[in-house]
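See below for the structure under consideration.
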Amino acid sequence: MKRRAATRPDVNFAAMPIRQLPPVLVNRIAAGEVIERPAAAVKELVENAIDAGAERIEVTLRDGGQSLIAVADNGAGMTAAELSLAVERHCTSKLPDDNLLEIAALGFRGEALPSIGAVSRLRIVSRPLAADSAWEIRVEGGVKHLPVPAAHPPGTRVEVRDLFFATPARLKFMKTVRSERDQAVDAVKRLAMAYPGIAFTVIGDEDRVLLRLAAETAPLVPGDIGDDPRRARLAALLGRDFAENSVGIEAERHGFRLSGRIGLPTLNRGLPRDQYLVVNGRPVRDRLLVGAVRAAYQDVLARDRHPIVALFVDGPPAEIDVNVHPAKAEIRFRDAALIRGLIVGALRHALDAAGHRASTTVASAALAAFRSDAGAATMPRFPLPPATMPRALYETGNAFLAPDSVADIAGSPADDAETPLGNARAQLHGTYILAETSSGIVLVDQHAAHERIVHERMKEALAARGVTRQVLLLPEVVELDPALAVRLVARSRELAEFGLVLEGFGAGAIVVREVPALLPGLEVAALVRDLAEELAEWDEALSLKERIDSVCGTLACHTSVRAGNRLSQAEMDALLRQMEATPNSGQCNHGRPTYVTLALADIERLFGRR
């Protein structure tokens, strides 16, 4: 038998009349757009609870949300008539004047509940705050039942059972129970980050508490993390290390306000998963954030490491399109360049203001290296033997002690003026500077520290005098997509400030006449194509900035004090003072710490004195 060609249709669609799909099928198609997995249903239901003014929200998950999702709140509640409308498509209470340009609520499309009901067994029981009784409604596989009286306290409880039972093909795309559960919990965490004044609880299988967050409303201890509700909520979600090793962000530009906290460069991750953006109270995943954060940290962090950031953007709703995606996971700014510039500028300013500060996790890691048993829960109550201590601190025969400081090693720093990084006492192995402060000791990597100082000076010089350009003996013609070529030529004046001089060369081509002198052996065509793509996506020329910055970093590395160089007392102290006055000097150009601080109390614990 001859096989039918794979491209041949089974049905002659041209001969079929156009018809309107039945409502149940329409709802199931909509459900595929809105409810991709249990986490999407959890997100929609929790958003509804927030919009209802809830102060407490409890989420229950069974089998990762596939067999049961229950969301209970103490919000405004619904009447029987409102329950009937709530499960119909395109019904909402969140567009009072039908203006899609002024959307202030989280859920507004009126599709979530009917979409969920089309692919599951949905039960909603609700009672308005002022009512003396509750009402219940059920929707099973798109079939709606009439509301009936029920018993329930003020608020709403939504139960979603057997998600996707009506569309079993969708179940094939579900991941493991644990993976689906974790994504659902992450959806709650993102909303909890945006609303610290609401208490959230997530309960999993066997009534195990997966997440419990108290409402952060009133200050706790003045000056403590709890003094700031948002910082306290971030500490609960991202860890106290982030709260203690992050800096605040506050900036405004053209009606947009940016706030939040960003981690110090030395507190970083291997993946960008801990980067959060909340826009007008709506947690979103946006490539704009990834690009802006990358640009802000580009010269203080290695490209394969990622900072922890939590940013909140508030601005005119008319300037933000939240109606881009059915699941509302993406947004679009009318002026993306404005927001990107706001984020990059504010983050760089905050990092510069942090000065020489490094994260306390660096010291914690250093102290862990002293322990005889890294897995021990408590420190031994006796002095550690020399064999368990880092060589640099006990092989004093290999340590270079500055001649005029030998007698001061055991003395008190009270004789010296107090400075943040203390006063140099010794040079260890020709590589590390040991400094003493009133509260402990500081160990400095002399090469990494000087590398940062030189790098910052080069950046200042470039900002003051511009980038030196080199004329090409033979101008290079680069062919591009016509639209990209026009975009590049339109930004030629800005590119010239970075040393790249180009102009149009007919349709779909440009000619490059000068390049930055800092980039010898530059592959001009590759750079131009990268710039064109980045201008199309981000409206910002990242490649050229990053390459010039990379060269500055390389030059700084090769012109800095090397490991093994012997330094005098005056040179060591001068390096410490320069670090204190240099932005970002807590880490080298690759994001590694330049110094470690050990508190005297921690050192005393190592020797059993505490």
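The basis for the numbers below is simple: all heavy atoms, side chains too, and nothing from hydrogens, waters or symmetry mates. Note that the coordinates shown come from a computational prediction; the quantities given were computed from them, not determined experimentally. We're numbering straight along the sequence, starting at 1.
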State the OH-CD distance between Tyr595 and Gln587, to the nearest 0.5 angstrom.
9.0 Å
With side chains defined as the heavy atoms from C-beta onward, is the minimum distance between Phe312 and Ile249 less than 4.5 Å?
no
Less than 4.0 angstrom from a charged side-chain N to a carboxylate O is my criterion; do Arg285 and Asp186 meet it?
yes
Any side-chain to backbone donor/acceptor pair from Thr266 onto Leu264? Under 3.5 Å, distance only.
no
Can you name the closest pair of heavy atoms from Leu213 and Ala192 and give their distance?
CD1-CB, 3.6 Å
Between the CG atom in Leu277 and the CG atom in Leu258, the distance rounded to the nearest 0.5 Å is 8.5 Å
Derivation of the side-chain contact (heavy atoms from CB on, under 4.5 Å) call for Ile433 and Leu575
CA-CA 10 Å; Ile433 297 173; Leu575 183 62; 3.6 Å; yes
Are the side chain of Gln427 and the backbone of Leu567 linked by a donor-acceptor contact shorter than 3.5 Å?
yes
Is the side chain of Glu580 donor-acceptor paired with the backbone N or O of Leu421 at a distance under 3.5 Å, no angle test?
yes
Carboxylate-amine/guanidinium contact Arg348 Asp352, below 4.0 Å
no
Between the CD atom in Glu514 and the OG1 atom in Thr468, the distance rounded to the nearest 0.5 Å is 11.0 Å
Keeping Arg212 on the side-chain end and Phe200 on the backbone end, is there a donor-acceptor pair under 3.5 Å?
no
Do Ile339 and Asp335 have side chains that get closer than 4.5 Å, going by heavy atoms?
no
Exercise: identify the closest heavy-atom pair between Gly422 and Ala435:
C-CB, 4.4 Å
Keeping Asp274 on the side-chain end and Pro307 on the backbone end, is there a donor-acceptor pair under 3.5 Å?
no
Report yes if some heavy atom in the side chain of Thr431 is under 4.5 Å from a heavy atom in the side chain of His447; otherwise report no.
no
Closest non-hydrogen atoms of Ala310 and Met193, given as atom of the first, atom of the second and distance, are CB-SD, 4.1 Å
Take atom CZ of Arg305 as the centre, draw a 6.0 Å sphere, and report whether it contains more than 12 heavy atoms from other residues, nucleotides or ligands.
yes
Under the side-chain contact (heavy atoms from CB on, under 4.5 Å) criterion, do Val209 and Val202 qualify, and how do the steps go?
CA-CA 6 Å; Val209 176; Val202 180; over 6 Å; no
Side chain to side chain donor-acceptor pair (under 3.5 Å) partner of Ser259, chosen from Glu250, Arg230, Glu252
Arg230
Closest non-hydrogen contact found for Asp314 with Gly281 is OD1-N, 4.4 Å
Ring-face cation of Arg261 near Phe242 (centre distance under 6.0 Å, axis angle within 45°):
no
Out of curiosity, Glu55 CD to Ile57 CD1, how far, rounded to the nearest 0.5 Å?
10.5 Å
Close side-chain approach of Val188 and Leu211, heavy atoms under 4.5 Å:
yes
Answer whether the closest heavy-atom distance between the side chains of Ile203 and Arg208 falls below 4.5 Å.
no
Any non-hydrogen side-chain atom of Arg469 less than 4.5 Å from a side-chain atom of Val515?
no
List the atom of Met579, the atom of Thr594, and the distance in Å for their closest heavy-atom pair.
CE-OG1, 3.7 Å
Below 4.5 Å, heavy atoms only, C-beta onward: do Thr419 and Arg577 meet side chain to side chain?
yes
Are Tyr297 and Ile262 close enough, and set up right, to give a side-chain contact (heavy atoms from CB on, under 4.5 Å), and what steps lead you there?
CA-CA 11 Å; Tyr297 280 83; Ile262 63 171; 3.4 Å; yes
Glu451 CD to Asp445 CG distance, which is reported to the nearest 0.5 Å:
9.0 Å
For the backbone of Ala424 and the side chain of Asp573, can you confirm whether one donor and one acceptor N or O come within less than 3.5 Å of each other?
yes
Strictly distance-based, threshold 3.5 Å: is any side-chain N or O of Arg233 a donor or acceptor partner for the main-chain N or O of Tyr195?
yes
Atom CG in Asn423, atom CZ in Arg425: separation rounded to 0.5 Å?
5.5 Å
Looking only at heavy atoms, the pair that brings Gln275 and Arg190 closest together is O-NH1, 4.4 Å
Between Arg452 and Thr582: side-chain donor-acceptor atoms closer than 3.5 Å
no
Test log, rule side-chain contact (heavy atoms from CB on, under 4.5 Å), inputs Leu342 and Phe256:
CA-CA 9 Å; Leu342 174 63; Phe256 283 91; 4.1 Å; yes
Less than 4.5 Å apart, any side-chain heavy atom of Pro583 and any of Leu351?
no
Would Lys175 and Glu180 pass as an ion pair if we require N to O under 4.0 Å?
no
